[in-house]
S.K.: 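My structure is below; once you've seen it, I'll send some questions.
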Amino acid sequence: MADDATRTIAFVLYPGLTPLDMIGPLQVLNNLPAADPRYRVTVVGERVGPMVSDLPVELTPEKTFDEAPNPYVVVVPGGGLGTLRAMVNPALREYLVSAAPTAHTIASVCTGALILAAAGLLEGREATTHWALADQLDRLGAHYRRQRWVRDGKFLCSAGVSAGIDMALHLAAELTNEQLAKRAQLIIEYDPQPPFGGIDWDRADLQFMAPVVDQWIHQAFADHPEMITRLSGEPVHSRG
């Protein structure tokens, strides 16, 4: 890639994702073109048209996958049931697999890491995701780390939802400089001060989501029993 070539940062949109997973990092990285005109930020999808999210709001990509080939950076947001369904979307998998060899960075937010892992891109790599699906990430061949973000080679994964903002600030500094990243943080006034303090991971109940995740897996992969077995370790016939 020539030094003055356009560097496309493509955010992947698919039905059922969590809007903040995409909007938070998008808000941060959308500051890059002002500092370096080589960057072009866009949102891509299998089709251009409104897509449901896991909130009562629809989102629409700017371009199709075919209209944004060879992205410099790809960001894959996460979610719940919609993300699991996206793991077996052939068009999405093909886009990620074709982009990976030439991309500078393949990033994920939250459970977006499971989409990368399902495509075989995180095999043997350290990664992170939402804590509720950490076991599933490991079962897909990655090595889960409970960190705000994890970089392993060109793959950069963030933990759940809001952690995508932290990851995007880190990536912004990598792609430009720390001053730009700090300015982006100031612009969005990202200065978290939750009313109950930080999460006490030693005391947090990390089991209450397990039945929900199990339901998502069986619902998302009703037509892909091999994925149910792979993600849950449970033979499909055991559910009768």
Side-chain angles (χ1 to χ4, degrees), residues 9-14 16-36 39 41 43 53-57 59 73-83 105-116 126-137 142-152 155-210 212-213:
I9 300 176
F11 282 78
V12 173
L13 178 57
Y14 56 85
L17 58 67
T18 296
L20 183 56
D21 281 19
M22 184 179 75
I23 300 300
L26 177 59
Q27 193 75 58
V28 171
L29 296 178
N30 200 49
N31 289 279
L32 266 61
D36 187 335
Y39 287 104
V41 181
V43 178
S53 70
D54 64 4
L55 295 178
V57 62
L59 302 168
V73 175
V74 180
V75 182
V76 184
L81 179 59
T83 299
T105 296
I106 304 289
S108 65
V109 180
C110 192
T111 53
L114 273 70
I115 297 177
L116 298 182
E126 295 191 350
T128 192
T129 188
H130 192 285
W131 55 265
L133 287 102
D135 289 345
Q136 284 69 35
L137 184 63
H143 301 302
Y144 171 74
R145 299 290 180 261
R146 185 182 293 168
Q147 297 174 207
R148 199 66 172 164
W149 71 84
V150 173
R151 181 179 273 285
D152 187 334
F155 296 93
L156 177 62
C157 303
S158 86
V161 195
S162 64
I165 298 176
D166 293 15
M167 180 272 288
L169 289 168
H170 170 76
L171 180 57
E174 280 191 350
L175 297 178
T176 56
N177 54 66
E178 185 175 320
Q179 181 181 6
L180 181 281
K182 288 182 175 179
R183 184 171 297 170
Q185 179 182 2
L186 180 61
I187 288 172
I188 66 173
E189 202 167 336
Y190 181 60
D191 187 20
Q193 299 178 41
F196 310 112
I199 296 174
D200 185 346
W201 290 103
D202 291 331
R203 297 185 178 184
D205 176 10
L206 300 183
Q207 296 303 314
F208 80 95
M209 280 291 293
V212 177
V213 170

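Along the sequence shown, the residues carry numbers beginning at 1.
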S.K.: If you define the side chain from C-beta out and look only at heavy atoms, does anything of I115 sit under 4.5 Å from S108?
M.R.: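 The answer is no; the side chains never approach within 4.5 Å.
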S.K.: Kindly compute the distance separating CD1 (I165) from CG (L20), expressed to the nearest 0.5 Å.
M.R.: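 Between I165 CD1 and L20 CG, I get 5.5 Å after rounding to 0.5 Å.
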S.K.: How far does SG of C157 sit from CZ of R148, to the nearest 0.5 angstrom?
M.R.: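 Nearest 0.5 Å value for the SG-CZ distance: 14.5 Å.
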S.K.: Apply the side chain to side chain contact (heavy atoms under 4.5 Å, CB included) test between V76 and each candidate in L17, D21, L116; give the one that qualifies.
M.R.: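 Exactly one option meets the side chain to side chain contact (heavy atoms under 4.5 Å, CB included) with V76, and it is L116.
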S.K.: Between T128 and W149 (side chain of the first, backbone of the second, donor and acceptor by atom type, cut-off under 3.5 Å), is there such a pair?
M.R.: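 Checked: no pair found.
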S.K.: Hey, is CZ on R183 packed in by over 12 heavy atoms from elsewhere, all under 6.0 Å?
M.R.: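 No, CZ of R183 has 12 or fewer neighbouring heavy atoms, counting only those of other groups under 6.0 Å.
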S.K.: Within the distance-only criterion (no hydrogens, no angle test), does the side chain of Y39 pair as donor or acceptor with the backbone N or O of L175 below 3.5 angstrom?
M.R.: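 Yes, Y39 side chain to L175 backbone: donor-acceptor pair under 3.5 Å.
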S.K.: Kindly indicate, with the supporting measurements, whether the criterion side-chain contact (heavy atoms from CB on, under 4.5 Å) is fulfilled by L29 and F11.
M.R.: CA-CA 10 Å; L29 296 178; F11 282 78; 3.8 Å; yes
S.K.: Anything under 30° is parallel, anything over 60° is perpendicular, the rest tilted; go ahead and classify W131 against W201.
M.R.: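 Correct class here is perpendicular.
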S.K.: Can you check whether A163's main-chain N or O pairs, donor with acceptor, with D166's side chain at less than 3.5 Å?
M.R.: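 Judged by distance alone, no pair lies under 3.5 Å.
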S.K.: Return the minimal non-hydrogen interatomic distance between A173 and E178, and the atom names on each side.
M.R.: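 It is CB-CA, 4.0 Å.
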S.K.: Please confirm whether the backbone N or O of A159 pairs with a side-chain atom of T129, one donor and one acceptor, at under 3.5 Å?
M.R.: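 Not at all, since once roles are kept as given, no pair shorter than 3.5 Å links the two residues.
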S.K.: For a quick test of reading the model, state the closest non-hydrogen atom pair linking T111 to G78 and the distance between them.
M.R.: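 Answer, listing the atom of T111 first, then G78: OG1-CA, 3.4 Å.
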S.K.: List the atom of V150, the atom of Q147, and the distance in Å for their closest heavy-atom pair.
M.R.: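 Heavy-atom minimum between the residues: CG2-NE2, 3.6 Å.
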S.K.: List for me each residue that meets side-chain hydrogen bond (donor to acceptor under 3.5 Å, both in side chains) alongside E174, sequence neighbours excluded, and say none if there are none.
M.R.: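 Here the qualifying residues are R151, H170.
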S.K.: With N177, which residues qualify under side-chain hydrogen bond (donor to acceptor under 3.5 Å, both in side chains), at least two apart?
M.R.: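 In terms of side-chain hydrogen bond (donor to acceptor under 3.5 Å, both in side chains), with neighbours along the sequence ignored, N177 is linked to no residue.
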S.K.: Which residue is it: V73, V75, V74? I am looking for the one with a side chain to side chain contact (heavy atoms under 4.5 Å, CB included) to I106.
M.R.: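 Of all the options given, the one that passes is V74.
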S.K.: Identify the heavy atoms of T83 and G112 that sit nearest to each other, and give their distance.
M.R.: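 Nearest heavy atoms, T83 then G112: CG2-N, 4.4 Å.
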S.K.: Which value, rounded to the nearest 0.5 Å, describes the distance between C110 atom SG and L133 atom CG?
M.R.: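 Output value for this atom pair is 8.0 Å.
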S.K.: CG of L59 to CD1 of I23: how many Å apart, nearest 0.5 Å?
M.R.: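 If I round to the nearest 0.5 Å, the distance is 5.5 Å.
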S.K.: What pair of heavy atoms forms the shortest contact from D191 to Q193, and how long is it?
M.R.: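 So the minimum-distance heavy-atom pair works out to OD2-NE2, 3.0 Å.
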S.K.: Between atom CG of L180 and atom CG of L169, what is the distance when rounded to the nearest 0.5 Å?
M.R.: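 These two atoms lie 10.0 Å from each other.
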S.K.: Minimum heavy-atom separation for E126 and D152, please, with both atom names.
M.R.: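 For E126 and D152, the tightest heavy-atom pair comes out as N-OD2, 2.9 Å.
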S.K.: Could you grab the distance from atom CD1 of I188 to atom CG of N30, nearest 0.5 Å is fine?
M.R.: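 Rounded to the nearest 0.5 Å, the CD1-CG separation comes to 11.5 Å.
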S.K.: Which residues satisfy the side chain to side chain contact (heavy atoms under 4.5 Å, CB included) test with D54, sequence neighbours excluded?
M.R.: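 Per chain and number, D54 pairs via side chain to side chain contact (heavy atoms under 4.5 Å, CB included) with T18, P19.
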